[in-house]
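Accompanying notes for the structure given below.
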Amino acid sequence: MASQSTATKPVKNVVILISGRGSNMEVFLEASRQGMLDGTIVRVISNRPDAQGIDTAKRRGIATAVIDHKTFDTREAFDAALAAEVASADPDVVVLAGFMRILTPVFIDRFLGKLVNIHPSLLPKYAGLNTHQRAIDAGDAEAGATVHYVTNELDGGPAILQARVKIDDLDTAETLASKVLEVEHRIFPEAVNWHLQGRVLHAELGAYLDGELLPPGGASWDPCSASSA
Ligand code: GAR
């Protein structure tokens, strides 16, 4: 069972991992600027030197680091270096915001219970890549995004919060991706705030919100309300 060690610290440290554009990361930076994040963004780390999000974070005065996965011989060696960098920032939560590397137990086991990812599908449907095209090809009426704790099962950790969007007849993978991205930007900081507030935690049986075990898809996001439980 992962422990929730964030409860007693006065200021909670948020580390964000990215691989590319960083639009979700920007939403966290903006929430922080507006005093709407229950923690301090202490570092943004990319596995790609050319990630657009790294430039954005630097411009906003956030400490950044690049650990280029291409310079390591094995996934485990990369994960050990990434874990050392993350640990040096003393995180209360590690936010995987479009971080596109599969992580091994070398990294995951060290931060279990503090790792929160967003995935662009209605998990448990469509773990992995090409989620939008797969939902369209299956004739699904809805797609969406899921914020979940990370375990060693790819995109299989306990869900915290999920938002749905309608798939229209004319949707392509691109149009659907941008509809889903809009809801990602709404649910991701909300779910991470729940974690920072100690409202949600990762335990052996799954994710608990306010002491209640969440269902497999997590809590359902209600677009009409700021809070979704
Ligand atoms: C987001 O759609 C996120 O859900 C997805 O990558 C995109 C990153 O966008 N993540 C995954 O697919 C993880 N498996 P961003 O860099 O603009 O935040």
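Whatever order the structure lists ligands and atoms in, that order sets their numbers, starting from 1.
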Take Arg21 and Glu26, measure what salt bridge (Lys or Arg N to Asp or Glu O under 4.0 Å) needs, and give me the verdict at the end.
CA-CA 9 Å; Arg21 178 178 55 186; Glu26 271 188 83; over 6 Å; no
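- Residues passing the salt bridge (charged side-chain N to carboxylate O under 4.0 Å, His left out) test with Asp73: none are found, sequence neighbours excluded.
- With hydrogens and angles left out, the side-chain atoms of Asn193 and Gln197 include no donor and acceptor closer than 3.5 Å.
- For Tyr208, there are no ring-ring contact (aromatic ring centres under 6.0 Å, His included) partners two or more places apart in sequence or in a different chain.
- Within 4.0 Å of ligand 1, heavy atoms belong to protein residues Arg21, Gly22, Ser23, Asn24, Gly98, Met100, Ile118, His119, Pro120, Leu181, Glu184.
- Placement of Val192 and Leu123 in two distinct hydrophobic clusters is found when ILVMFWY residues are connected by side-chain heavy-atom separations under 4.5 Å, directly or transitively.
- In this view, Arg164 and Glu142 satisfy the salt bridge (charged side-chain N to carboxylate O under 4.0 Å, His left out) rule, not counting sequence neighbours.
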